[in-house]
Amino acid sequence: MPKYWLVKTEEDVYPIDQLKKDKETLWDCVRNYQARNFLKEMEKGDLVFIYHSNSKLTGVAGLAEVSQEAVADPQQFDKKSDYFDEKATVENPRWFSPKLKFKKQFAKVLTLSEIKELAYMKDSALTNKGNRLSVLPLTTNQGMKLLKEF
DNA sequence: GCCAACGTTGGC
DNA sequence: GCCAACGTTGGC
């Protein structure tokens, strides 16, 4: 049974269209411990909703699948990267990135306000107050029902 | 661009 | 370990 997750990306930075073109990408540059821990928990075959935050249309735009479990995020070792972390070493990396494979782009973006009206989405890190986490788990029930909205 | 809600850092 | 100051996220 695959688990369900939701990851955020800004439409300007890495939209679902780009994932579609790339077919597969390393989900890197996440620099938040809670989010990192969820990235490490992802298993091959898990389903991941792609959410556009800070965008013209804020909401769920598509679906991806975990194609490889998390490895050390290479950006943390690259001095020239904005995501360089001087406290991270190859032997003891701090940040991790799974590989995500494009599955589908939804015909329309399911907006945050629409998601908030769905009773089964009432209790999630996405709809609760705060909503700053960029990687979050959904329950199987939420994931399965959300898929049917498209 | 504004602002609420966090998360992180660093002094003590 | 506490907490103020600061930085970031994300909705609007």
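Values in this document were obtained by computation on a predicted structure and should not be read as measured data. A, B, ... follow the sequence lines: proteins, then strands. Residue 1 opens every chain.
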request  = Pick base, sugar-phosphate or nothing for A/Asn54, based on heavy-atom distances below 4.0 Å to the nucleic acid.
outcome  = base
query = Does a nitrogen or oxygen in the side chain of A/Tyr51 sit under 4.0 Å from OP1 or OP2 of C/dG11?
reply = yes
Output field: ring centroids A/Tyr51/A/Trp5 closer than 6.0 Å = no
ask   = Taking only N and O in the side chain of A/Lys8, is any of them less than 4.0 Å away from OP1 or OP2 of C/dG10?
value = yes
Nucleotide B/dC6, atom C1' - distance to CZ of A/Arg31 in whole Å = 19 Å
task = Check each of A/Lys99, A/Arg31, A/Arg94 against A/Asp73 using the salt bridge (charged side-chain N to carboxylate O under 4.0 Å, His left out) test, and report the only one that passes.
result = A/Arg31
inquiry  = Pick the closest DNA chain B nucleotide for A/Lys87 and for A/Arg132 by heavy atoms, then say which residue is nearer the 5' end.
reply    = A/Arg132
key: Atom-pair distance (CD on A/Glu11; P on C/dT9), nearest Å   = 18 Å
Whole angstrom value for the distance that separates P of C/dC12 from CD of A/Glu114 = 12 Å
Qualifying residue, where the test is side-chain contact (heavy atoms from CB on, under 4.5 Å) with A/Leu6 and the options are A/Ile50, A/Val60, A/Val135 = A/Val60
request  = With the side chain of A/Asn32 defined as its heavy atoms from C-beta on, choose the nearest nucleotide among C/dG11, B/dC6, B/dG7.
outcome  = B/dG7
request  = Output yes when A/Lys44 and A/Glu69 qualify as a salt bridge under the 4.0 Å nitrogen-oxygen rule, no when they do not.
outcome  = no
query = Salt-bridged, A/Lys122 to A/Glu117, with N to O below 4.0 Å?
reply = no
message = From NZ of A/Lys56 over to C1' of C/dG11, roughly how many Å is that when rounded to an integer?
response = 17 Å
request  = Using atom CG of A/Asn128 as one end and atom C1' of B/dC6 as the other, report the distance to the nearest whole Å.
outcome  = 14 Å
request  = Figure out the NZ/P separation between A/Lys129 and C/dG10, and round it to whole Å.
outcome  = 17 Å
query = Taking the side chain of A/Lys116 as heavy atoms from C-beta outward, which of C/dC12, C/dG10, B/dA5 is closest to it?
reply = C/dC12
message = Just to be sure I understand the rule, does A/Gln34 reach a base, reach only the sugar-phosphate, or reach nothing, if contact means heavy atoms closer than 4.0 Å?
response = sugar-phosphate
A/Asn131 CG - B/dC6 C1' separation (whole Å) = 11 Å
key: Whole-Å gap separating P (B/dG7) and CG (A/Leu136)   = 13 Å
